[in-house]
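Everything on this sheet refers to the single structure shown next.
Whatever order the structure lists them in is the order used to number ligands and atoms, beginning at 1.
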Amino acid sequence: MENITELKSILARPRDILITSHRNPDGDAIGSSLGLKLFLEQEGHTVKVVVPSDFPHFLNWMPGASEVLIYDNDPEEIGKLMERMGMVFYLDFNSLERIDKMGEITGPMNVPKVLIDHHLLPEPIADFDLHSTLASSTSELVYDFIKLMGKEDLVTKDVAECLFTGILTDTGSFKYSTSPKLFRMVGDLLAKGVDDVRIQNLVFNSLEEKHLRLLGHVLHNRMEVLPEYRTAIITLTKKDYEEFNISRGDTEGLVNYLLMMKDVVLAAFIHEQPTITKISLRSKGDFSVQEIAKKYFKGGGHRNASGGYSFIGLRATVRKFKEALPEYKEALLNTTI
Ligand code: 5GP
Ligand code: MN
C-alpha cells in the first residue's frame with residue numbers, strides 16, 4: 001500500500017468507520033469485516049459493519065456477528081446511518097456493483113476510503129488500496145494491514161478467530177490459494193488462541209437434515225456431466241428452494257462437489273433467485289473461470305472461483321453456458337491437474 005503514513009495519520013484519531021462487504025457475504029466477507037472491526041474498536045474508533053444481504057447461518061457464532069447490519073432489512077434507516085460515517089472500508093470486493101444500492105450511497109461520500117481485496121481487476125473506488133490477487137483471502141490481507149499499521153499486538157483471540165474463519169472458508173480448508181506465507185500466518189493465529197478444530201466443526205459440521213437431503217437430491221436429480229468438455233453442472237429451480245425449505249446461503253459449497261469427480265475441470269451451479277438467475281463457477285488447475293463469468297454473465301472473481309448472473313431465466317442461462325463451452329474446449333482438454 002502506498003501512502004500508508006497518510007492513512008496512519010487519518011486513523012490516529014477516533015473516527016466513525018463504515019465497513020462494507022459484498023452481497024451474499026461468505027466466510028471471508030464476514031470474517032475480514034469483523035476481524036477489522038474488532039481491531040479498529042480497540043483503537044477507539046466506532047465501527048459499523050453493513051452488508052447488502054444476510055449471511056449463512058454457520059457464521060452466526062462469530063465474535064460480533066450479531067451486530068452486523070443487513071442493508072436489505074431496513075434500507076432507509078441503514079442508508080442514513082451510512083451517510084453519517086466519516087470513513088469507509090471496502091472489503092472483499094472491488095467494484096461498487098457488488099454492493100448494489102449501498103454503492104450509490106458510499107460512492108459520492110466525501111470521506112477517506114480504503115479497499116482491501118483479492119479479486120481480479122480492481123476498480124478505482126478508494127483512496128487507499130491494499131490489493132493482491134495472490135492473497136488467499138481478504139482476511140489474510142486484513143492481517144497484513146494490521147501488521148502494516150504496526151499493531152500486531154492488537155490481534156486478540158477474537159480478531160484471530162474472525163481472520164482464521166475467512167482464510168478457512170476461502171481456501172476450502174487449506175485446499176487452494178495456499179502459500180508458505182499463509183501457513184506461517186495461520187500458525188500465528190493459532191498462537192493467539194484460535195481453536196482450529198472447533199472452528200472447522202462450527203463452520204463445516206453444522207448442517208441440518210434438510211441440507212443433506214438437498215445435497216442428495218441435487219447430486220441424484222439435478223446433476224449433468226458433459227465429459228467431452230470435462231464439465232459438470234448442477235441446477236436448482238425456485239420450486240426446489242421451496243420444496244426443501246432452503247434459502248440462498250444453504251446452497252453454499254454445492255458446486256464444489258462436482259470437482260470431486262476426477263475428470264471434471266469446470267463446475268457450474270446455476271440457480272434461480274427471486275429476480276435473477278445466479279451462476280457459480282469453479283475450476284481445477286490453471287483453467288480460469290473468470291473470463292466466462294465476465295464475458296457471459298456480467299460477473300467476475302478469481303481464476304478458480306467466479307460468479308455472475310443473468311435475467312434470462314434458468315433454462316436459457318444453462319443453454320448460454322453450454323453454448324460458451326466450445327470456445328473453451330481446447331483449454332479444458334489441455335488443463336493438467
Ligand atoms: P460464488 O460462486 O461463491 O457466489 O462466488 C465466487 C466468486 O465469484 C467470489 O469471489 C465472488 O466474489 C465472485 N462473484 C460471484 N458472483 C459475482 C458477481 O455477480 N459479480 C462479480 N463481479 N463477481 C462475482
Ligand atoms: Mn474472499
Side-chain angles (χ1 to χ4, degrees), residues 19-36 51-56 58-59 89-100 103 115-123 125 130-145 162-172 176-178 182 233-236 247-259 266-273 275-283 288-311 317 321:
I19 300 176
T20 66
S21 195
H22 58 79
R23 177 165 283 281
N24 301 319
D26 54 12
D28 189 33
I30 299 297
S32 60
S33 296
L34 289 176
L36 181 65
V51 289
S53 60
D54 207 356
F55 53 86
F58 58 79
L59 300 174
F89 278 79
Y90 292 137
L91 259 53
D92 202 38
F93 69 97
N94 57 33
S95 152
L96 287 185
E97 235 181 53
R98 298 280 287 137
I99 54 170
D100 310 330
L115 176 125
I116 306 181
D117 179 53
H118 67 133
H119 292 89
L120 293 162
L121 310 174
E123 291 178 8
I125 55 176
L130 184 59
H131 184 271
S132 168
T133 55
L134 299 175
S136 64
S137 54
T138 298
S139 297
E140 177 181 342
L141 291 172
V142 166
Y143 200 174
D144 287 340
F145 171 75
C162 293
L163 300 183
F164 179 86
T165 303
I167 293 168
L168 181 71
T169 53
D170 256 28
T171 61
Y176 32 79
S177 308
T178 56
L182 179 73
I233 307 171
I234 285 175
T235 50
L236 265 191
S247 48
R248 166 84 169 99
D250 295 330
T251 58
E252 187 79 34
L254 278 185
V255 63
N256 294 310
Y257 283 89
L258 298 173
L259 291 184
L266 168 59
F269 172 48
I270 306 175
H271 54 120
E272 283 181 317
Q273 292 290 299
T275 51
I276 58 170
T277 300
K278 185 87 191 123
I279 181 163
S280 282
L281 298 168
R282 299 290 185 274
S283 64
S288 175
V289 284
Q290 201 267 341
E291 186 189 300
I292 305 180
K294 189 169 187 311
K295 187 166 167 186
Y296 293 97
F297 302 104
K298 303 185 258 286
H302 315 274
R303 185 182 70 180
N304 297 118
S306 285
Y309 58 94
S310 78
F311 295 105
T317 307
F321 174 69

Purely on distance, is any nitrogen or oxygen of [X] under 3.5 Å from one on ligand 1?
X    : result
H22  : no
E252 : no
G300 : yes
S280 : yes
K278 : yes

Answer yes or no for D117: is there an N/O/S atom below the 2.8 Å cut-off from the Mn ion (ligand 2)?
no

For a distance under 2.8 Å, tell me if H119 has an N/O/S atom near the Mn ion (ligand 2).
no

Output the atom name for the N/O/S atom of [X] with the smallest distance to the Mn ion (ligand 2).
X    : result
D28  : OD2
D170 : OD2
D92  : OD1

Go through the side-chain N and O atoms of D92 and H118 and say whether any donor and acceptor fall under 3.5 Å apart.
yes

Atoms of ligand 1 less than 4.0 Å from H302 heavy atoms?
10 (O)

Which of the atoms in ligand 1, numbered in the order shown and given with their element, are less than 4.0 Å from a heavy-atom of Y309?
19 (O)

Walk me through whether T165 and F58 qualify under side-chain contact (heavy atoms from CB on, under 4.5 Å).
CA-CA 11 Å; T165 303; F58 58 79; over 6 Å; no

Distance-minimising heavy-atom pair for Q290 and H302
CB-O, 3.6 Å

Taking all non-hydrogen atoms of both residues into account, name the closest pair between D26 and E252 and its distance.
CB-OE2, 4.3 Å

Which residue and atom name correspond to the protein heavy atom nearest [atom], and how close is it?
atom                    : result
atom 6 (C) of ligand 1  : R282 NH1, 3.6 Å
atom 9 (C) of ligand 1  : H119 NE2, 3.9 Å
atom 11 (C) of ligand 1 : R98 NH2, 3.3 Å
atom 15 (C) of ligand 1 : G307 CA, 3.4 Å
atom 20 (N) of ligand 1 : G299 CA, 3.4 Å

Does even one non-hydrogen atom of A305 get within less than 4.0 Å of ligand 1?
yes

Before giving the answer on side-chain contact (heavy atoms from CB on, under 4.5 Å), spell out for V51 and T20 the whole-Å C-alpha distance, their side-chain angles and the decisive distance to 0.1 Å.
CA-CA 6 Å; V51 289; T20 66; over 6 Å; no

Do [X] and [Y] come close enough that some side-chain heavy atom pair is under 4.5 Å?
X    : Y    : result
S132 : L141 : yes
S53  : P25  : yes
E140 : L163 : no

How long is the span from the [atom1] atom in [X] to the [atom2] atom in [Y], to the nearest 0.5 Å?
X    : Y    : atom1 : atom2 : answer
D28  : L59  : CG    : CG    : 10.5 Å
R23  : Y309 : CZ    : OH    : 11.0 Å
L259 : L266 : CG    : CG    : 8.5 Å

